[in-house]
There are 2 protein chains.
Amino acid sequence: MATTTKAAAREQARTEYNAFLAVCPSRQLLDRISDKWVVLILCALGDDPAARSSEPTPPTEADQPRAAPRTMRYSEISRLIAGVSQKMLTQTLRALERDGLLTRTVTPTVPVTVSYQLTNLGLSLHTLTRSIRGWAQDHMDDVLAHRAQHDVTAS
Amino acid sequence: MATTTKAAAREQARTEYNAFLAVCPSRQLLDRISDKWVVLILCALGDDPAARSSEPTPPTEADQPRAAPRTMRYSEISRLIAGVSQKMLTQTLRALERDGLLTRTVTPTVPVTVSYQLTNLGLSLHTLTRSIRGWAQDHMDDVLAHRAQHDVTAS
DNA sequence: CAGTATCCAGCTAGATACTG
DNA sequence: CAGTATCTAGCTGGATACTG
């Protein structure tokens, strides 16, 4: 019955492994935040608007530094994250809503108005991504220096 | 001269955007750690061996909880991270070496012996991934609950 | 032992066109 | 305005075979 046991064993190991990874919480989280657009949406909805200059900062309600998360409409997000396609934006927003990281509110005007806002959970995740950004700012130039050095040495 | 300015503008925006992302330190970091195998290698080299049971814990020098990072040989890592292919393991290790996150030491025995060890930078990154794991452990069941709820409600 | 080299399937992101 | 639907090109990861 047993065909080449070598290959079979390897395949089995891989299958078990994938099963493990599929339920590993860390892995699931990393899969979420490694998505290009997730972090950017988190930033768009979580960062206070004054932080990003070159945007016409609205004078109204600009002085609560970190109170409630802002709500943004689909088109606002789309404009802020200039490079995203409609497909990816919708897809990502829906995934984040599904995971309870943000809320989607439809107001039945004509045409419809849809607004998005981070939940506490989403806000908490945003805090985590900020700490990631912190590491990047502190150490990424070291990494880049090493990389450049390595590339030169190997010539 | 201007062909359909609509499409051209979009494309330009996207190009600029990609350029921005390419140099963004946070993005670069996320691209690194979102790699399936990077985190696992970090764990393999950074976690103390006693933490993972079902492994024959070597009695020697097992009582420094977080002193020097352990060194492991290629085949050890390969065995520990059962699901990884040679290609991916080598590729990932080389990338991490290039970035100064670990060192690769070749001992010219016959056959050759190659050992890997985290640098301080790598250790620091490992700390970050542990905080990510922390978030996952604290909040991922919330996320999963939301997801399940959402899927039921939408039926 | 510790790789290198090559080929290929699967998935995903983006382009494009259409709509309540 | 805020999407949905469809098609496809490109990249990545895995299988397989070979080597100093």
Side-chain angles (χ1 to χ4, degrees), chain A residues 3-4 6-18 21-22 27 31-32 34-38 40-41 71-97 102 104-116 154, chain B residues 3-4 6-18 21-22 27 31-32 34-41 71-97 102-116 154:
Chain A
T3 51
T4 41
K6 282 265 193 61
R10 282 181 147 272
E11 197 182 336
Q12 157 120 14
R14 185 170 304 280
T15 306
E16 282 171 16
Y17 209 76
N18 288 337
L21 285 182
R27 193 61 252 156
D31 284 345
R32 268 257 144 282
S34 67
D35 187 294
K36 208 172 157 183
W37 307 116
V38 165
L40 293 166
I41 290 174
T71 89
M72 290 181 80
R73 298 177 51 179
Y74 183 90
S75 50
E76 286 185 280
I77 303 175
S78 174
R79 238 171 293 121
L80 193 55
I81 310 179
V84 72
S85 65
Q86 286 181 328
K87 178 189 172 186
M88 279 299 99
L89 183 54
T90 302
Q91 191 172 299
T92 309
L93 286 169
R94 290 288 153 84
L96 293 177
E97 185 201 5
L102 53 76
R104 175 172 178 272
T105 311
V106 183
T107 312
T109 50
V110 178
V112 296
T113 306
V114 182
S115 60
Y116 295 88
Chain B
T3 52
T4 42
K6 283 266 195 60
R10 281 182 148 269
E11 198 183 335
Q12 157 121 11
R14 185 170 305 280
T15 305
E16 282 172 16
Y17 209 75
N18 289 336
L21 286 181
R27 193 61 251 155
D31 284 346
R32 270 256 144 283
S34 67
D35 188 294
K36 209 173 157 184
W37 308 117
V38 165
V39 185
L40 292 167
I41 290 173
T71 89
M72 288 182 80
R73 297 177 53 179
Y74 183 89
S75 50
E76 287 185 280
I77 303 175
S78 173
R79 238 171 292 122
L80 194 56
I81 310 179
V84 71
S85 64
Q86 286 181 328
K87 178 189 174 186
M88 279 299 102
L89 184 54
T90 302
Q91 192 172 299
T92 310
L93 286 168
R94 288 290 153 83
L96 294 177
E97 185 201 4
L102 53 76
T103 57
R104 176 173 177 271
T105 312
V106 182
T107 312
T109 50
V110 177
V112 296
T113 306
V114 182
S115 60
Y116 295 89

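Chain letters run A, B, ... following the sequence lines, proteins first, then strands; residues in each count from 1.
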Pick out the pairs of N or O atoms, protein on one side and nucleotides 1-5 of chain C on the other, that lie under 3.5 Å.
| unit_1 | atom_1 | unit_2 | atom_2 | d |
| --- | --- | --- | --- | --- |
| C/dC1 | O3' | B/R73 | NH2 | 3.3 |
| C/dA2 | OP1 | B/R73 | NE | 3.1 |
| C/dA2 | OP1 | B/R73 | NH2 | 3.3 |
| C/dA2 | OP1 | B/V114 | N | 3.4 |
| C/dA2 | OP2 | B/S75 | N | 2.9 |
| C/dA2 | OP2 | B/S75 | OG | 2.7 |
| C/dG3 | OP1 | B/R94 | NH2 | 2.6 |
| C/dG3 | OP1 | B/R104 | NE | 3.3 |
| C/dG3 | OP1 | B/R104 | NH2 | 2.6 |
| C/dG3 | OP2 | B/Y116 | OH | 2.6 |
| C/dG3 | N7 | B/Q86 | OE1 | 3.4 |
| C/dG3 | N7 | B/Q86 | NE2 | 3.2 |
| C/dG3 | O6 | B/Q86 | OE1 | 3.2 |
| C/dT4 | OP1 | B/R94 | NH1 | 2.9 |
| C/dT4 | O4 | B/Q86 | OE1 | 3.3 |

Under 3.5 Å, which donor-acceptor pairs do the side chains of residues 80-90 of chain B form with other protein atoms, sequence neighbours left out?
| unit_1 | atom_1 | unit_2 | atom_2 | d |
| --- | --- | --- | --- | --- |
| B/S85 | OG | B/M88 | N | 3.3 |
| B/T90 | OG1 | B/Y74 | OH | 3.0 |
| B/T90 | OG1 | B/Q86 | O | 3.0 |

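Applying the side chain to side chain donor-acceptor pair (under 3.5 Å) rule to pairs touching residues 105-115 of chain B yields B/T109-B/T113, sequence neighbours excluded.
In this entry the distance linking NZ of B/K36 with C1' of C/dG10 reads 13 Å, nearest Å. We find that CG of A/N18 is positioned 11 Å from C1' of D/dG14, with the value rounded to whole Å. Atom CE of A/M88 and atom P of D/dA5 are 14 Å apart (whole Å). For the pair A/L21 CG and D/dG13 P, the computed distance is 13 Å after rounding to whole Å.
For DNA chain D, the stems formed by at least three consecutive Watson-Crick or G-U pairs, with both atom-pair distances below 3.5 Å, span C:1-20 with D:1-20.
For B/E16, the side chain to side chain donor-acceptor pair (under 3.5 Å) criterion is met by B/Q12, not counting sequence neighbours. Remark: B/T15 pairs with no residue by the side chain to side chain donor-acceptor pair (under 3.5 Å) rule, at least two apart or across chains. Shown here are the side chain to side chain contact (heavy atoms under 4.5 Å, CB included) partners of A/V110, two or more places apart in sequence or in another chain: there are none. In terms of the side chain to side chain donor-acceptor pair (under 3.5 Å) criterion, B/R73 has no residue partners (sequence neighbours excluded).
Within the structure, every side-chain polar atom (N or O) of A/W37 is placed at least 4.0 Å from both OP1 and OP2 of C/dT12.
The distance from the OH atom of B/Y116 to the CG atom of B/L93 is 4.5 Å, given to the nearest 0.5 Å.
Minimum heavy-atom separation, B/K36 to A/R27: CA-NH1, 3.6 Å.
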